[in-house]
Amino acid sequence: MSADGFRIVGMQPTPPKAHKKNRLRGKPVISAALLFLIVFGCMFAELLMTKDPTYMDLAHSRLPPDGEFLFGADTMGRDLFSMIWYGGRISLAIGFLSMAISAVIAVVVGTASGLAPKAADAALMRLTEILLSIPNLLLVILLQAILGKANVLSLSVVIGVTSWLSIAKVVRTEVQTLRGSEFILASRAMGGGFVHVLRRHLAPNFFPSIMFMMVMNVRSAMIAESTLSFMGLGLPVNVITWGSMLSLAQNALISGAWWMILIPGLFLITTLVCITNLGNYLRKSLNKGQRNL
Amino acid sequence: MRSRVFTLGKNLLIFALSLAILSVAVFYVARLAPGDPLASYYGSRVEKLTPEARFAAEERLGLHDPIIVQYFKWLRGALRGDFGISFQYKRPVVEVIGGRIGNTLALGGIGFALTFALALLLGVFCAGHEDTFLDKLICKVGTVTGCIPEFWLSLVLILIFDIYLGLLPGSGAYSVGKADDLGDRAAHLLLPLAVVVLGHLWYYAYMIRNRMLEEIRADYVLLAKSVGLPDRKILFRHCLRNCMPTYLSIMAISVPHIIGGTYIVETVFSYPGVGTLSYESARYQDYNMLMVLTLLTGAVVILCNLVAQTVNARIDPRGRAAETEVTADVR
């Protein structure tokens with residue numbers, strides 16, 4: 001019996017293999033390329049910078065963009081073009097660091113809550129909900145006040161500590177559905193401790209579902225950094241980030257120096273849009289099938 | 001009937017307990033923060049005070065008692081409606097907040113109503129026209145606006161409409177001497193309102209769209225279609241109605257987002273509302289003010305969470321609440 005004759009009536013033959021050109025279809029190529037460009041530009045900022053980004057050349061204060069100052073100069077006469085690449089590093093670093101901090105807290109709390117008896121679980125969840133019902137802005141101001149003068153690490157901690165609840169909730173739900181499974185029971189029966197079960201059995205299963213939220217946390221952390229720096233609660237003006245560049249914006253408004261507001265903002269937003277697109281793609285592709293590993 | 005009273009009692013208890021825990025936490029944390037509350041009370045005169053005068057002043061404000069004693073003193077006053085004096089304004093806290101809360105309610109309330117009315121319209125429109133050019137465009141715009149920090153959007157709007165075009169005022173709630181002019185107030189409200197609405201609209205529209213699409217894929221739609229109902233009728237009569245529980249719970253859960261957004265917008269526009277007030281009080285260690293403001297926002301948020309849960313349980317007893325709760329927090 002030939003393979004050709006073995007065809008059920010009404011069933012479609014398998015579609016021809018996708019053409020090579022189509023392999024990139026539906027994938028966020030532009031976003032990936034742009035993000036790659038920005039990240040690399042920031043990493044190797046020294047090669048791109050035309051001037052020293054920290055040098056204050058007051059003679060060129062608030063100079064509009066021209067041939068020498070490609071993106072113009074800020075109130076202190078610093079070259080915006082160089083500052084963008086140089087400052088992007090810290091902005092990106094804070095984004096990823098805060099994401100890592102929030103993810104670690106979320107995984108630990110979420111797993112503990114998911115494995116705990118019902119009463120303890122309810123109490124824990126209720127308590128975190130109450131604490132996080134304080135608007136984030138206030139919470140961050142309070143924490144910042146306790147931690148003292150802001151630096152990159154303290155700012156990341158503050159943002160990370162205030163943004164883990166949504167991930168923890170997902171982890172908790174996933175753990176609750178997983179904890180009755182035989183493989184968890186077997187592992188525990190063989191003497192597997194909390195960390196072992198979490199690392200070898202739970203984490204691989206819930207990781208795909210929190211992946212997207214982690215990516216989104218990078219985005220919200222970067223927004224938080226810029227908002228805080230703009231309000232004068234984040235990094236000081238002499239630490240260059242996209243956010244602290246915008247902290248001079250009030251001043252720029254009065255003099256109508258649009259380049260000081262638009263350029264750092266556009267870089268920030270472009271990066272965030274790219275991250276979001278990649279995150280959305282991840283969510284779609286990871287949710288395709290059940291992982292049985 | 002008995003069970004309804006029971007649920008109400010339980011929720012009230014949870015609400016009271018949450019507020020109590022919140023107040024203890026904020027009280028404690030606020031006093032951990034470094035900084036000199038005397039400085040905000042006496043201003044720069046604080047440096048000229050002799051140590052004795054300083055001690056007496058601190059004694060008068062009750063800053064020497066152990067923190068627990070301070071808390072219970074505060075609580076006793078609070079239960080009688082006396083929330084103390086604002087260190088910074090030297091006036092009763094309630095009075096200061098009372099003078100400003102109207103502005104915030106106007107901004108936040110109108111913003112909230114507009115956001116959700118428009119989000120529903122856009123969401124249903126996009127769901128009805130899935131995968132058309134307009135739908136894709138709106139979704140793309142939504143993705144991009146979701147990435148724009150609110151303060152930056154405010155800055156750009158001020159730059160365009162106030163600095164370059166000179167059409168709309170970009171700061172304050174009214175022009176000098178025109179406090180009673182309603183038109184002037186409305187003009188000042190326009191730009192902040194635009195930021196609040198534009199900053200949140202797309203995200204919720206997108207959520208409603210996705211929920212509607214889920215509903216359109218359901219089996220009963222096929223049945224309704226085979227019976228011969230027109231598309232429009234199926235969409236509005238059946239799908240929309242099934243989306244309402246989600247819509248309501250999204251509305252309740254989104255309150256903290258919108259409050260947070262309003263606070264930032266108020267600060268950028270120097271709009272005299274509760275947001276700028278809480279920002280100031282946290283920066284200048286105005287304890288009494290901070291306590292009341294945090295409890296106020298906390299109470300609204302906790303209340304909204306409870307309402308969301310109850311509404312969901314009443315409209316849709318199958319417990320879809322957990323699911324929407326998670327998705328609403330993604331941002």
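So you know, we letter chains A, B, ... as the sequences are listed, proteins then strands, and number each from 1.
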For the atom pair CD1 (Ile148(B)) and CD1 (Ile269(A)), what is the distance rounded to the nearest 0.5 Å? 4.5 Å
Here the gap from Met222(A) atom CE to Cys147(B) atom SG, rounded to the nearest 0.5 Å, amounts to 10.0 Å
Between Thr276(A) and chain B, which part of the residue has a heavy atom less than 4.5 Å away: side chain, backbone, both or neither? side chain
How far apart are the closest heavy atoms of Thr227(A) and Pro149(B), and which atoms are they? OG1-CB, 4.5 Å
Quick check on Val300(B) against chain A: is it the side chain, the backbone, both or neither that has a heavy atom closer than 4.5 Å? neither
Sort Ile14(B) into side chain, backbone, both or neither according to what part of it lies under 4.5 angstrom from a heavy atom of chain A. side chain
Heavy-atom pairs under 4.5 Å with chain B: which of Thr271(A), Leu262(A), Ile167(A) has the most? Leu262(A)
A side-chain contact here means heavy atoms from C-beta on lying under 4.5 Å apart; do Leu266(A) and Trp152(B) qualify? yes
Could you have a look at Leu19(B), Leu155(B), Val144(B) and say which one has the most heavy-atom pairs with chain A under 4.5 angstrom? Leu155(B)
Please determine whether the number of non-hydrogen atoms from other residues, nucleotides or ligands lying under 6.0 Å from atom CG of Leu165(B) exceeds 12. yes
